[in-house]
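Remarks on the structure that follows.
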There are 2 protein chains.
Amino acid sequence: MTKLPKPTEGELAILQVLWQRGPSTVRQVHESLDAARATGYTTTLKLMQIMAEKGLVARDQSSRTHLYSARLPQAQTQRQFVTDMIAKVFGGSSAQLVMQALSTHTASKEELAEIRQLIEQKKEEKKR
Amino acid sequence: MTKLPKPTEGELAILQVLWQRGPSTVRQVHESLDAARATGYTTTLKLMQIMAEKGLVARDQSSRTHLYSARLPQAQTQRQFVTDMIAKVFGGSSAQLVMQALSTHTASKEELAEIRQLIEQKKEEKKR
DNA sequence: AGCTGTCAACGAAAACATTCGTAGGTCAAT
DNA sequence: ATTGACCTACGAATGTTTTCGTTGACAGCT
């Protein structure tokens, strides 16, 4: 298993769509992106072709309009970015990242409860 | 007030040093970086000059060896990156980012307590 | 058969980021 | 006054990412 490269910004935007929609054609992706990125169709196509080369996406060529799907699980990519960011922006402190995220971006009551539960669990683990 | 551009990777590494050390010369920054980045002195210099142009750092030219300092508070930059990342990698869900960070990167007991406290506070706010 | 709209492929330009060599200035010690 | 160490400035090469124009193929319609 060759390690896949870290997606660039543009690639990330595409992955986001693929994760959300599941396997999609270039046109579908391009249209989903349209709001966020003002860019031509061939740009999206090219990017997706490059991603296929890199192995970031799988491509089904059986019909004329190819079907692309993400090869990386979303969670794994998220982990990669979080790790990177903790090192590069938070000087290694994951707690600082969490605090920053929590204090500026409010979560719902349910989410807060979920997070709290995770913390309790972590604390239990510490005791042992 | 002109909005400052998002720092690139290399710039971030330099900012990191400036935040930690306070105002520093190019040499000091370069030496601090040395472990992490295998790059020549003039590369660091150039990067810092560019950052000065962009407004990311302030430069005191009064003595021959210039003194550079970060113009952005660390917390503000962290906020910028977190916000960006929530949008681009977590599809807008801050809670997911927090969960991801907490579950893969363990924090100390004290930090966990601190985070928990912040959550309790948030929950109180929700009630009102 | 000829037209039209849609597609993938490709190549090249443009934009951006990183790297370093070289030159010229200043300062202090010899 | 010359040398050597150290500094900034500048310009150019390299590398990476993004962008798009053009081409040729295919499919459906008239």
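Within every chain, numbering begins at 1; the chains are lettered A, B, ... in the order of the sequence lines, protein sequences first and strands thereafter. All heavy atoms count here, side chains included; hydrogens, waters and symmetry mates do not.
- In this structure, the CG atom of A/L33 is 13 Å from the P atom of D/dC20, given to the nearest Å.
- Out of C/dC10, C/dA17, C/dA9, the shortest distance to the side chain of B/T8 is found at C/dA17.
- Taking only side-chain atoms of A/L45, from C-beta outward, the nucleotide of C/dA8, D/dC7, D/dC20 with the closest atom is C/dA8.
- Rounding to the nearest 0.5 angstrom, the gap separating the CD1 atom in A/I115 from the CZ atom in B/R116 is 14.0 Å.
- Following rounding to the nearest Å, B/I14 (CD1) and C/dA17 (C1') show an atom-to-atom distance of 12 Å.
- The side chain of B/Q49 approaches D/dA9 more closely than any other nucleotide in the set D/dA12, C/dA9, D/dA9.
- The residue among B/R59 and A/K54 whose nearest nucleotide of DNA chain D lies closer to the 5′ end is B/R59.
- For A/T65, whose side chain is taken as the heavy atoms from C-beta onward, the closest listed nucleotide among C/dA9, D/dT18, C/dC7 is C/dC7.
- If you measure from atom NE2 of B/H66 to atom P of D/dC7, you get 11 Å, rounded to the nearest angstrom.
- Judged by distance alone, the side chains of B/S94 and A/H105 never bring a donor and an acceptor atom under 3.5 Å apart.
- The base of D/dT8 is not paired with the side chain of B/R64 by any donor and acceptor separated by under 3.5 Å.
- Look at NZ on B/K6: it is 14 Å from P on C/dC16, rounded to the nearest Å.
- In this entry the distance linking CG of B/L56 with C1' of C/dC16 reads 15 Å, nearest Å.
- For B/K46, the side-chain atoms get nearest to D/dC10 when compared with the rest of D/dT18, C/dG11, D/dC10.
- Between the CD atom of B/Q76 and the CD atom of A/Q100 there is a distance of 10.0 Å, given to the nearest 0.5 Å.
- Regarding B/Y41, its OH atom lies at a distance of 18 Å from the P atom of C/dT22, rounded to whole Å.
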query = Can you check salt bridge (charged side-chain N to carboxylate O under 4.0 Å, His left out) on B/E31 and B/R21, steps first, answer last?
reply = CA-CA 12 Å; B/E31 237 119 67; B/R21 294 199 29 133; over 6 Å; no
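- Nearest to the side-chain atoms of B/T43 among the listed nucleotides C/dA8, D/dC7, C/dC20 stands C/dC20.
- Distance A/L12 CG to D/dT17 C1': 14 Å, rounded to the nearest Å.
- As a whole-Å value, the separation of B/I50 CD1 from D/dG11 P is 13 Å.
- If you check D/dT8, C/dT19, D/dG21 against the side chain of A/T42, the one that comes closest is D/dG21.
- Comment: B/K127 engages B/E124 in a salt bridge, judged by a side-chain N to carboxylate O separation of less than 4.0 angstrom.
- Contact between the side-chain N/O atoms of A/T25 and the OP1/OP2 oxygens of C/dC7 is not found at any separation under 4.0 Å.
- Between A/R37 and D/dT18, a side-chain N or O to OP1/OP2 separation shorter than 4.0 Å is absent.
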